[in-house]
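These notes are about the structure you will find just below.
All values below come from the heavy atoms of this structure, side chains included, with hydrogens, waters and symmetry mates left out. Residue numbers begin at 1 in each chain, while the letters A, B, ... track the order of the sequences. Quick caveat: nothing in here was measured; it's all calculated off a predicted structure.
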There are 2 protein chains.
Amino acid sequence: MTKPQKMAAKATENAAKATAPVQNKRAAVLSAALGLFSRFGLHGTSVDQVAARAGVSKSNLLYYFANKEELYVCVLRELLEVWLAPLREFSAEQDPQQAITDYIRRKLVVSRDSPDASRLFCLEMIQGAPLLKGELAGELRGIVEHKSAVIQGWIDAGRLAKVDPEHLIFMIWATTQHYADFAVQVQALTGKTLADPAFFEQTVANVQAVVLKGVGVR
Amino acid sequence: MTKPQKMAAKATENAAKATAPVQNKRAAVLSAALGLFSRFGLHGTSVDQVAARAGVSKSNLLYYFANKEELYVCVLRELLEVWLAPLREFSAEQDPQQAITDYIRRKLVVSRDSPDASRLFCLEMIQGAPLLKGELAGELRGIVEHKSAVIQGWIDAGRLAKVDPEHLIFMIWATTQHYADFAVQVQALTGKTLADPAFFEQTVANVQAVVLKGVGVR
DNA sequence: GTCTATAACGAGATAGAC
DNA sequence: GTCTATCTCGTTATAGAC
């Protein structure tokens, strides 16, 4: 088995049977790569920089990842799960007000705790999502259609005001991700970051308040 | 006067006394550059690509702009005005509901007609706004503080619900720019773009409805 | 002002010793 | 698995003729 084949196999198997130290190295590289790619993009980041940040040599990095693009794709793959997780939990069994309240908080927690993931996702979208277009049209679309139907059900039952469910979802995504993607702007204008607990709670409360009132039936 | 000096002078004078054909070329290059930088970033775009798109040779382009970074900065400078214009019009003399209604529409018009500008602005923010930080802390901050005071005045007068003005402004920015920056995602999930007149009006109506109701006093 | 040719450099990727 | 050395290519930027 040649090296690239081994690597490809490892990637598809989710690296199930690799040894622990190898996993640590891969994880370190992926984490370093996320941090840099999310700020400077694929072309704005050199393999050298990623290697340095991860504490490995460039050629060693290229032993684990066949080339820069493969590394980038691996990072994106991990990313998508982080990004999708909060949406999956959005449930039809809950009270609509509570479901929206919880969803907004979960998304803001991601913006606070994984701003890198949010930013790289945004970067990818801006560039036309060359590598995520497939997932968008497939998995994400399925989930969104399902959640939209749930929201539409609430509206038909008179539990929410008449809004287009997809626009409501976009609005929640936009307002919550804004605090990660435009963190510099938020900081320049308010002096605060989501890392500040008081500001975080204030943000959660404001977004929840406007959205809930905006779609409320009362 | 050496070439770089001439160029720098031309840039600062706003190219007031340059001849028309020269202006056309500069404009063509700037426009081509905006289109490419906004998709692929500074490092993802080559001078060659910009030149080709603008219909000039690479070395000719480098006659007008001393180097790639200067070109990038020129593009950003133009950008900021496009981005700020709708906010400047946000007026204290209007009825609050009307002011917010109009502002949302204006921002969505920009998202529809200048998605490149919106995307490049977003790219710059994601990267930490190395070149716009100054403007953010200065001019933008001043305008935002002023507009926030206006909103606070409306709240104190009981004409709007109690919201933090800055979060309201962020919410409007986020929801409206989303349709430009995440256009691929919006298209993948709805099949539509703001270029579609019906979808545009539907978007305007939805955003206005939720925000207005969300901050309304009734 | 515009062109062709080319210098100079950075960065991705590979070869091969250990 | 990890390293050093090196090849190769794309890209920026300049030199200099017209």
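There is a side-chain donor-acceptor pair under 3.5 Å between B/Trp83 and B/Gln177.
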Evaluation steps, side-chain contact (heavy atoms from CB on, under 4.5 Å), between A/Glu124 and A/Tyr72: CA-CA 11 Å; A/Glu124 217 18 51; A/Tyr72 188 73; 2.6 Å; yes
Verdict with reasoning, B/His43 to B/Phe37, per ring-ring contact (aromatic ring centres under 6.0 Å, His included): CA-CA 8 Å; B/His43 300 290; B/Phe37 286 152; 9.8 Å; no
Stepwise salt bridge (Lys or Arg N to Asp or Glu O under 4.0 Å) check, B/Arg119 with B/Asp116: CA-CA 5 Å; B/Arg119 280 202 312 267; B/Asp116 289 358; 2.7 Å; yes
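Regarding contacts with the backbone of C/dT2, every side-chain N or O of B/Ser57 stays at 4.0 angstrom or more from both OP1 and OP2.
Protein atom OH of A/Tyr63 is 15 Å distant from nucleotide atom C1' of C/dG16, rounded to whole Å. We find that CZ of A/Phe40 is positioned 17 Å from C1' of C/dA11, with the value rounded to whole Å. Between A/Leu61 atom CG and D/dC3 atom P the separation is 11 Å, expressed in whole Å. With rounding to whole Å, B/Tyr64 atom OH is found 9 Å from C/dT2 atom C1'. For the pair B/Asn60 CG and D/dG16 P, the computed distance is 19 Å after rounding to whole Å. At whole-Å resolution of the value, CZ in B/Phe65 and P in C/dG1 are 13 Å apart. One atom, NE2 of B/His43, and another, P of C/dA11, lie 10 Å apart when rounded to the nearest Å.
A donor-acceptor pair under 3.5 Å links the side-chain atoms of A/Lys68 to the main chain of A/Leu42, judged by distance alone. Not one N or O on the side chain of B/Thr193 forms a donor-acceptor pair closer than 3.5 Å with the backbone of B/Ala195. Looking at B/Ser46, its side chain does come within 3.5 Å of a backbone N or O of B/Gln49 through a donor-acceptor pair.
Closest non-hydrogen pair, B/Met171 versus B/Thr175, comes out as O-OG1, 2.8 Å.
Exactly one of A/Tyr179, A/Phe90, A/Trp173 qualifies for a side-chain contact (heavy atoms from CB on, under 4.5 Å) with A/Lys107. That residue is A/Trp173.
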Pairs under 3.5 angstrom, nitrogen or oxygen only, protein versus nucleotides 6-12 of chain D, please.
unit_1 : atom_1 : unit_2  : atom_2 : d
D/dT12 : OP1    : B/Val47 : N      : 3.2
D/dT12 : OP1    : B/Lys68 : NZ     : 3.0
D/dT12 : OP2    : B/Val47 : N      : 3.2

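Overall bending of the helix from C/dG1-D/dC18 to C/dC18-D/dG1, expressed as the angle between end axes built from five pairs apiece, is 0° (10° steps).
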